[in-house]
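Since the structure is predicted, the reported quantities are computational estimates derived from the model, not experimental observations. All heavy atoms count here, side chains included; hydrogens, waters and symmetry mates do not.
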Amino acid sequence: MPGVGRLTTHVLDTARGRPAAGLVVELARCEPSARPRRVLTRTRTNADGRTDEPLLEGDDLTRGVYELLFEVGDYFADLAPSDQPRFLDHVPIRFGVADPAVHYHVPLLASPWSYSTYRGS
């Protein structure tokens, strides 16, 4: 019997060395059509830097291309001078789901000046 797939994320604030609580995350599906990006959900991270529930799971997770958009600029606004442009504002991570029966975990490690990601477990 195949597993129940799900998509999750976790955001770590590497500037402060803690989870990024309250950061807005948007999930979109990117389809090869006239309208290539369809927003599926917007949520905020909890105190642990995670969403309270998977972003997608079960039959809602299908093969295809998705994009997570992390609003790091608003989250880090208190670390950067307000009269200067933000170095990072929105961080998009576009990725493919080949097997919707497995767990896709897409973490973000972020500071006001850099970010990295990987396929987690």
Practice task
Ignoring hydrogens and angles, tell me if any N or O in the side chain of T45 forms a donor-acceptor pair with the backbone of R50 under 3.5 Å.
Solution key: no
Problem - Shared hydrophobic cluster, V11 / L69 (ILVMFWY, side-chain heavy atoms < 4.5 Å) - result: no
Exercise for the section: Assess the side chains of R29 and T62: does a donor N or O sit below 3.5 Å from an acceptor N or O? Expected result: yes
Exercise for the section: Give the intermediate values and the outcome of side-chain contact (heavy atoms from CB on, under 4.5 Å) for residues V106 and Y118. Expected result: CA-CA 6 Å; V106 184; Y118 56 93; over 6 Å; no
Exercise for the section: Decide side-chain contact (heavy atoms from CB on, under 4.5 Å) for V39 and E26; before the verdict, give the C-alpha distance in whole Å, the side-chain angles of both, and the deciding distance to 0.1 Å. Expected result: CA-CA 7 Å; V39 175; E26 180 178 279; 3.6 Å; yes
Exercise for the section: Check whether any side-chain heavy atom of L56 sits under 4.5 Å from a side-chain heavy atom of L40, and report yes or no. Expected result: yes
Exercise for the section: Check the hydrophobic clustering (I, L, V, M, F, W, Y; side-chain heavy atoms under 4.5 Å; chains of links allowed) and say if L68 and L109 are grouped together. Expected result: no
Practice task
Return yes if some donor-acceptor pair links the side-chain N/O of T117 with the main-chain N/O of P107 below 3.5 Å, else return no.
Solution key: yes
Handout entry: V25 side chain reached by T41 side chain, heavy atoms, under 4.5 Å
Key = no
Practice task
Mark yes or no for whether S111, through its side chain, and T14, through its backbone, hold a donor-acceptor pair below 3.5 Å.
Solution key: no
Exercise for the section: Establish, for the pair R42 and F70, whether the NZ or CZ atom is under 6.0 angstrom from the six-membered ring centre and no further than 45 degrees off its axis. Expected result: no
With a cut-off of 3.5 Å and sequence neighbours excluded, list every side-chain donor-acceptor pair involving residues 93-105.
residue : atom : partner : partner atom : Å
R94     : NE   : E67     : OE2          : 3.3
R94     : NH2  : E67     : OE2          : 3.1
D99     : OD1  : A101    : N            : 3.0
H103    : ND1  : R6      : NH2          : 3.2
H103    : NE2  : T8      : OG1          : 2.7
Y104    : OH   : A98     : N            : 3.0
Y104    : OH   : D99     : N            : 3.1
H105    : ND1  : T8      : OG1          : 2.6

Handout entry: Separation between CG of L61 and CZ of R63, rounded to the nearest 0.5 Å
Key = 11.5 Å
Practice task
In sequence, state the C-alpha distance, the side-chain angles, and the governing distance for L88 and W113, and then conclude on side-chain contact (heavy atoms from CB on, under 4.5 Å).
Solution key: CA-CA 6 Å; L88 294 175; W113 313 279; 5.9 Å; no
Handout entry: Donor-acceptor contact present, side-chain H10 to main-chain P19, <3.5 Å
Key = no
Problem - Flag, side chain of T51 to backbone of P54, donor-acceptor distance under 3.5 Å - result: no
Practice task
Might you work through the side-chain contact (heavy atoms from CB on, under 4.5 Å) test for T43 and V24, ending with a clear yes or no?
Solution key: CA-CA 6 Å; T43 189; V24 174; over 6 Å; no
Exercise for the section: Check the hydrophobic clustering (I, L, V, M, F, W, Y; side-chain heavy atoms under 4.5 Å; chains of links allowed) and say if Y115 and F76 are grouped together. Expected result: yes
Handout entry: Step-by-step salt bridge (charged side-chain N to carboxylate O under 4.0 Å, His left out) determination, R44 to E71
Key = CA-CA 10 Å; R44 285 186 182 271; E71 295 186 6; over 6 Å; no
Fill in the blank from the handout: A77 and R86 have their tightest heavy-atom pair at CB-NH2, 3.7 Å
Practice task
Drop me the distance from D48's CG to L12's CG, to the nearest 0.5 angstrom.
Solution key: 8.5 Å
Exercise for the section: Could you tell me which non-hydrogen atom of D60 sits nearest to which non-hydrogen atom of Y66, and how far apart they are? Expected result: O-OH, 4.1 Å
Exercise for the section: Give a yes or no on whether R119 atom CZ has more than 12 heavy-atom contacts from other residues, nucleotides or ligands under 6.0 Å away. Expected result: yes
